[in-house]
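Each chain gets a letter, A, B and so on, in the order its sequence line appears, and its residues count up from 1. Scope of the values below: all heavy atoms of this structure, side chains included, with no hydrogens, waters or symmetry mates. These numbers come from a predicted model, not from an experiment.
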Amino acid sequence: MTLDKNFDPAAIEARWYEHWESKGLFRPERKDAEPYTIVNPPPNVTGSLHIGHALDNTLQDIIIRHERLKGKDALWVVGMDHAGIATQMVVERQMNERQQKRTDFTREEFVEKVWEWKEESGGTITKQLRRLGCSMDWSNERFTMDEGMNEAVLKVFVDLYNDGLIYRDKRLVNWDPALKTAISDLEVETTDIKGSFWHFKYPLADGATLDDGRDYIEIATTRPETMLADMAVAVHPSDDRYKSVIGKEIEQPITGRRFKIVADEHADPELGSGAVKITPGHDFNDFEVGKRAGIAAGDMLNMLDGEANVCQTSDGLVPEEYIGLHRFKKDGIAGVRELVVQQLKELGLLIPHVTKNKDGEEVEHDAEPRTIATPFGDRGGVVIEPWLTDQWYVDAETLAQPAIKAVRDGDIEIVPKTWEKTWFNWMENIQPWCVSRQLWWGHRIPAWYGPDGEIFVAEFEEEAIGQALEHYAIDNPEDFPGLSRDTDVLDTWFSSALWPFATLGWPIDDAPTPANDADVSSKTLERHYPNDLLISGFDILFFWDARMAMQGIQFMKDVPWKRLYLHGLVRAEDGSKMSKSKGNVVDPLGLIDEYGADALRFFMAAMESQGRDIKMDDKRVEGYRNFATKLWNASRFCETNGIGASKTLSAPEATLPVNRWIISEVVETQQALDKALTGLRFDAAANTIYHFTWDRFCDWYLELIKPVLQGDDDGTADETRLVAGWVLDQIIVMLHPFMPFITEELWHSMGERNYDLIVAKWPAPKAEIDAEAKGEIDWLIKLVSEVRSTKVELNIPPGTKMAAHVPDGDNALQDKIARHAAALDRVGRLEAVSFDPAPDGASAQLVVDDATYVLPLAGAIDIDAEKARLTKALEGVSKEAKSLEGRLGNANFVEKAKPEAAEKARADLADKTTESERLQAALDRLG
RNA sequence: GGGCGUAUAGCUCAGUGGUAGAGCACUUCGUUGACAUCGAAGGGGUCGGGAGUUCAACUCUCUCUACGCCCACCA
């Protein structure tokens with residue numbers, strides 16, 4: 001077949017992907033090969049491919065394709081996340097459009113509808129990952145709510161419960177009033193918003209007064225609405241202003257509730273008045289103060305319902321007009337906050353904030369303006385309410401310890417290393433993980449409650465009932481009224497934390513029996529756990545990575561992965577974060593349409609340097625599209641010159657220096673590439689193959705072999721065809737992890753193949769670096785470059801053929817020149833080289849290594865231009881020589897520097913001196 | 001309040017204890033049958049400021065400045 005003039009990515013991408021997938025080439029059977037494993041961060045079933053996925057998955061695909069080419073049993077596990085909140089929101093939103101709501105259905109009906117949605121509309125992203133060229137093992141695609149995962153989740157929950165690592169507790173949680181569920185600390189995003197700081201008088205009860213005679217305590221708050229559940233006022237124990245009233249009571253003006261003034265270190269004398277109101281049921285700090293003051297969690301007052309509307313407190317003291325009011329102003333109706341402020345103001349208990357206007361007059365305001373760090377739910381987008389409820393917690397502190405140790409001992413290597421500190425810092429200060437969610441979509445918590453609230457945790461209801469019968473000492477099950485199951489589901493991250501082992505067959509083969517010994521899955525788990533590497537964005541370090549480490553070590557007694565690579569964010573062109581609201585989101589599929597998947601992938605790799613975010617740059621993607629075209633055209637050249645697929649894996653025998661040289665260059669490139677990939681330096685890897693292909697292979701090698709290919713066939717042309725074909729093959733293989741589509745296409749275009757490129761062999765040239773050939777071609781390149789730049793500077797048309805005289809050329813040089821006569825003619829436009837002295841008359845002179853080349857010029861030469869050129873060259877060389885001289889003249893340098901450094905300086909100086917002498921001589925000849 | 005990161009050519013970024021590199025942009029030239037999605041040759045940087053260590057610092061240490069991110073209970 002003949003290659004078209006231009007490379008059209010769209011014409012081949014889908015075809016090759018389909019080919020690979022249908023032939024099962026993403027997971028070729030390699031039972032005896034060394035395993036290599038990565039698991040893909042399961043994207044949300046609701047998700048579609050964004051630019052961050054493109055980066056994350058490109059990097060993983062590069063690694064897995066590289067390992068596959070190296071012959072490993074490379075497994076890239078893929079699947080989707082059921083994404084509890086996100087998915088439930090999508091389905092509920094659709095219901096809203098049809099004037100329906102979740103509660104119109106039974107739980108079972110609703111969940112059924114979510115499954116229907118999942119089957120029809122979910123998983124868009126899996127098609128999009130295919131467009132990117134990602135070679136994951138789709139034949140075993142998983143879902144966090146598939147049968148195996150369900151089993152794993154149940155077992156993990158039950159085991160953790162039995163080990164005391166999961167427990168039910170009544171404490172404050174982050175409550176999202178929009179979604180009506182508890183969320184974890186990590187799902188809370190703190191944002192600074194402009195708010196108000198109010199100052200109020202809290203009257204002392206029973207006629208008590210402060211030492212200064214005031215009959216009230218001043219308290220300040222940003223959240224006056226919580227006053228309806230105030231249960232104390234705290235002052236610092238050493239604060240002299242309030243010592244006398246500690247233990248005395250306050251009468252809350254709105255509720256009439258009486259409560260104590262307590263001493264607590266939490267109160268900061270420097271802040272506000274030094275006295276702070278305490279609402280244990282609605283503030284995390286106050287909860288702790290309340291507990292210290294002897295208020296049990298069960299006695300703490302709650303004044304809000306799940307939607308953050310006011311409800312009656314257990315002491316019944318909330319005035320009727322407040323009941324049902326929203327916490328904030330809503331739909332134009334004043335909320336509790338506004339009403340409380342208004343009422344206290346009417347009672348004369350508001351202490352105004354006084355400022356001076358520009359005329360120096362005092363002006364009173366209700367409140368002091370203040371920036372308040374406010375918690376928002378990351379999904380629901382509304383202000384989070386600390387709320388007192390019963391929830392399930394994971395004892396993260398205990399689970400974190402071995403995960404800390406694993407990183408400290410090097411069992412997990414975090415790349416880049418700077419993230420270790422973040423890991424330790426978070427793990428060492430970890431809080432209990434609230435894992436229960438008041439949703440319907442997700443893994444339902446395997447806990448049942450007896451009539452008296454007794455908890456029974458088991459994988460199945462029958463087991464729970466069994467436990468209950470035993471617990472209540474009931475002999476006849478028919479006498480037992482039954483258990484009610486916990487209605488909550490688990491945090492989505494609870495299941496995805498099990499991904500590295502649950503996707504490999506756990507827990508089915510947790511305890512191998514003769515029956516399942518032959519089961520592949522048990523070997524799968526054994527072979528592929530721990531995973532070799534995890535690649536993830538740092539944004540899910542805590543959400544996912546850390547939890548995988550905790551659960552993996554707990555249940556598998558080993559780390560989930562040996563290395564953890566964290567990459568940054570892809571930012572918009574101006575460096576800002578991409579977001580839908582800003583409208584600056586770049587669609588990776590659009591880039592694929594425009595430039596091809598290969599170009600986008602190469603861009604991602606080339607831009608991925610450790611520890612830095614990537615800024616989007618379309619021009620650069622375009623540049624890599626051009627690179628693909630360049631390779632395409634180089635292949636066309638080969639094709640039309642009888643260069644095709646190599647028959648050998650190792651480098652062909654070569655005699656010509658140019659062939660020996662390019663083979664050496666392949667060896668060096670392959671070594672540099674392997675080193676970069678092993679070190680997860682994607683940028684270095686991409687640049688290595690890019691420059692080898694374009695600069696070495698296309699710009700020099702192909703140019704230098706043109707005369708050989710066209711010359712008389714003395715065997716050198718055949719040798720060159722073999723070498724060129726082999727080198728092109730090596731390029732195609734080495735580039736494949738980065739640009740899978742174009743390389744697979746070229747692989748087949750260049751000749752008959754016994755296998756597809758995706759499962760080809762990574763280069764192992766078995767060739768030494770040929771220093772002699774390298775030195776010779778380096779000289780040739782230098783000479784040709786010198787000739788070219790000389791012409792430009794002397795305004796000689798580049799196509800002009802010239803002759804050169806090398807009067808001081810020794811035998812070795814003469815031989816060298818003779819060997820490359822054809823290339824010098826064709827590439828350097830030096831048609832004749834003589835070793836006789838140059839004739840008198842105008843000439844250009846150039847110095848390469850230790851010889852001077854005199855190029856006689858027909859007609860007038862611009863003496864001044866030639867002088868300027870030589871002078872400039874001389875200046876450069878002398879400057880370097882001078883600096884080297886200075887260094888060598890410094891006794892300290894000679895004594896203290898490393899011997900190699902001094903040695904090199906001496907050698908460099910000798911070279912520079914020769915060169916400058918020659919340039920000076922050339923200059924002198926010009927007169 | 002802690003922690004981290006980044007400041008290198010007009011732009012986006014690599015980089016090494018021995019006087020700096022890439023891509024794009026820019027300038028000049030080029031239709032020699034692979035490629036104008038190209039080729040050739042160039043211009044352009046006191047490597048954020050200051051101090052220190054060293055024979056030598058863009059590279060190590062400290063400090064300052066600017067920007068960014070993460071964590072944290074300041075009512």
- Does the pair A:His567 and A:Glu608 meet the rule for a side-chain hydrogen bond (donor to acceptor under 3.5 Å, both in side chains), with working shown? CA-CA 8 Å; A:His567 63 251; A:Glu608 175 59 22; 5.4 Å; no
Just to be sure I understand the rule, does [X] reach a base, reach only the sugar-phosphate, or reach nothing, if contact means heavy atoms closer than 4.0 Å?
X: A:Trp694; value: sugar-phosphate
X: A:Ala905; value: nothing
X: A:Lys904; value: nothing
X: A:Glu880; value: base
X: A:Arg788; value: sugar-phosphate
X: A:Lys896; value: base
X: A:Asn890; value: sugar-phosphate
X: A:Thr422; value: nothing

Taking only the [atom1] atom of each, what is the distance from [N] to [M] in whole angstrom?
N: B:U19; M: B:A36; atom1: C1'; answer: 38 Å
N: B:G48; M: B:U6; atom1: P; answer: 13 Å
N: B:G23; M: B:C62; atom1: P; answer: 35 Å
N: B:A9; M: B:U65; atom1: C1'; answer: 23 Å
N: B:U61; M: B:U54; atom1: P; answer: 16 Å
N: B:C60; M: B:A25; atom1: C1'; answer: 35 Å
N: B:G21; M: B:G42; atom1: P; answer: 14 Å

- Message: Looking at A:Arg625 and B:U37, is any side-chain donor or acceptor paired with a base atom of the opposite kind under 3.5 Å?
- Response: yes
- With A:Tyr624, which residues qualify under ring-ring contact (aromatic ring centres under 6.0 Å, His included), at least two apart?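 Partners of A:Tyr624 under the ring-ring contact (aromatic ring centres under 6.0 Å, His included) test: A:Phe602, A:Tyr690.
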- Message: Among residues at least two apart in sequence or on other chains, which ones pass ring-ring contact (aromatic ring centres under 6.0 Å, His included) with A:Phe542?
- Response: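 Testing A:Phe542 for ring-ring contact (aromatic ring centres under 6.0 Å, His included), a comparison that skips the adjacent residues, returns A:Trp426.
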- A:Glu385 side chain to A:His282 side chain, donor-acceptor N/O pair below 3.5 angstrom: no
- Just by distance, with hydrogens left out, do A:Thr790 and A:Arg869 show a side-chain donor and acceptor under 3.5 Å apart? yes
Side-chain N or O of [X] closer than 4.0 Å to phosphate OP1/OP2 of [N]:
X: A:Arg681; N: B:A14; answer: no
X: A:Arg612; N: B:C69; answer: no
X: A:Ser609; N: B:C13; answer: no

Please, which pairs that meet salt bridge (Lys or Arg N to Asp or Glu O under 4.0 Å) have at least one residue in [range], sequence neighbours excluded?
range: residues 273-288 of chain A; result: A:Asp230-A:Lys277
range: residues 688-697 of chain A; result: none
range: residues 875-896 of chain A; result: A:Glu880-A:Lys912
range: residues 787-801 of chain A; result: A:Lys801-A:Asp825

Could you state the [atom1]-[atom2] distance from [X] to [N], rounded to the nearest angstrom?
X: A:Asn425; N: B:G5; atom1: CG; atom2: P; answer: 13 Å
X: A:Ile540; N: B:C70; atom1: CD1; atom2: C1'; answer: 15 Å
X: A:Glu573; N: B:C24; atom1: CD; atom2: P; answer: 15 Å
X: A:Asn429; N: B:C70; atom1: CG; atom2: P; answer: 18 Å
X: A:Arg869; N: B:A41; atom1: CZ; atom2: P; answer: 14 Å
X: A:Phe7; N: B:A36; atom1: CZ; atom2: P; answer: 16 Å

- Using a heavy-atom distance cut-off of less than 4.0 Å, which residues of residues 273-285 of chain A contact RNA chain B?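 Only A:Gly274, A:Val276, A:Asn285 qualify.
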- Per atom distances to the A:Phe542 side chain, the nearest of B:A75, B:C70, B:G43 is B:C70
Show every donor-acceptor pair shorter than 3.5 Å between a side-chain atom in residues 185-198 of chain A and any protein atom, with sequence neighbours excluded, or say none if there are none.
from: A:Asp185; atom 1: OD1; to: A:Asn174; atom 2: ND2; distance (Å): 3.1
from: A:Glu187; atom 1: OE1; to: A:Ser184; atom 2: N; distance (Å): 3.0
from: A:Glu187; atom 1: OE1; to: A:Ser184; atom 2: OG; distance (Å): 2.8
from: A:Glu187; atom 1: OE1; to: A:Arg437; atom 2: NH2; distance (Å): 2.8

Distances for protein N or O near nucleotides 25-35 of chain B N or O, under 3.5 Å:
from: B:A34; atom 1: OP1; to: A:Lys706; atom 2: NZ; distance (Å): 3.2
from: B:A34; atom 1: O2'; to: A:Asn633; atom 2: OD1; distance (Å): 3.2
from: B:A34; atom 1: O2'; to: A:Arg636; atom 2: NH1; distance (Å): 3.0
from: B:A34; atom 1: N7; to: A:Lys706; atom 2: NZ; distance (Å): 3.3
from: B:A34; atom 1: N6; to: A:Cys698; atom 2: O; distance (Å): 3.2
from: B:A34; atom 1: N6; to: A:Glu703; atom 2: OE2; distance (Å): 3.1
from: B:A34; atom 1: N3; to: A:Asn633; atom 2: O; distance (Å): 3.1
from: B:A34; atom 1: N3; to: A:Ala634; atom 2: N; distance (Å): 3.2
from: B:C35; atom 1: O4'; to: A:Asn633; atom 2: OD1; distance (Å): 3.3
from: B:C35; atom 1: O2'; to: A:Asn633; atom 2: ND2; distance (Å): 3.3
from: B:C35; atom 1: O2; to: A:Lys630; atom 2: NZ; distance (Å): 2.7
from: B:C35; atom 1: N3; to: A:Lys630; atom 2: NZ; distance (Å): 3.0

- Measure from the side-chain N and O atoms of A:Thr221 to the backbone N and O of A:Arg223, and report whether any donor-acceptor pair falls under 3.5 Å. yes
- Task: Assess A:Lys706 against A:Phe637: is NZ or CZ under 6.0 Å from the centre of the six-membered ring, and within 45 degrees of the ring's axis?
- Result: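 Yes, cation above the ring, under 6.0 Å and within 45°.
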- Message: Distance to the ring centre below 6.0 angstrom and angle to the axis at most 45 degrees; does that hold for A:Arg171 and A:Phe287?
- Response: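 No.
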- Taking for each residue the nucleotide of RNA chain B with the nearest heavy atom, is it A:His691 or A:Asn626 whose nucleotide lies nearer the 5' end? A:His691
- Message: Taking the nucleotide of RNA chain B with the nearest heavy atom to each, does A:Phe627 or A:Lys615 sit closer to the 5' end?
- Response: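 On the 5' side of the pair lies A:Lys615.
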- Give the C-alpha distance, both sets of side-chain angles, the deciding distance and a yes or no for side-chain hydrogen bond (donor to acceptor under 3.5 Å, both in side chains) between A:Asn6 and A:Thr629. CA-CA 7 Å; A:Asn6 277 307; A:Thr629 306; 5.5 Å; no
- Message: Checking A:Asp264 now: which residues fulfil salt bridge (charged side-chain N to carboxylate O under 4.0 Å, His left out) with it, not counting sequence neighbours?
- Response: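 A:Asp264 satisfies salt bridge (charged side-chain N to carboxylate O under 4.0 Å, His left out) with A:Arg292 once adjacent residues are dropped.
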- Message: Measuring centre to centre across the rings, with the benzene-like ring taken for any Trp, is A:Phe627 within less than 6.0 Å of A:Phe603?
- Response: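 Ring centres of A:Phe603 and A:Phe627 not closer than 6.0 Å.
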- Counting only Watson-Crick and G-U wobble pairs with both atom distances below 3.5 Å, the stems of 3 or more consecutive pairs that include RNA chain B are B:1-7 with B:65-71, B:10-13 with B:21-24, B:26-30 with B:38-42, B:48-52 with B:60-64
All N/O contacts under 3.5 Å from nucleotides 65-68 of chain B to the protein, with atom names and distances to one decimal?
none

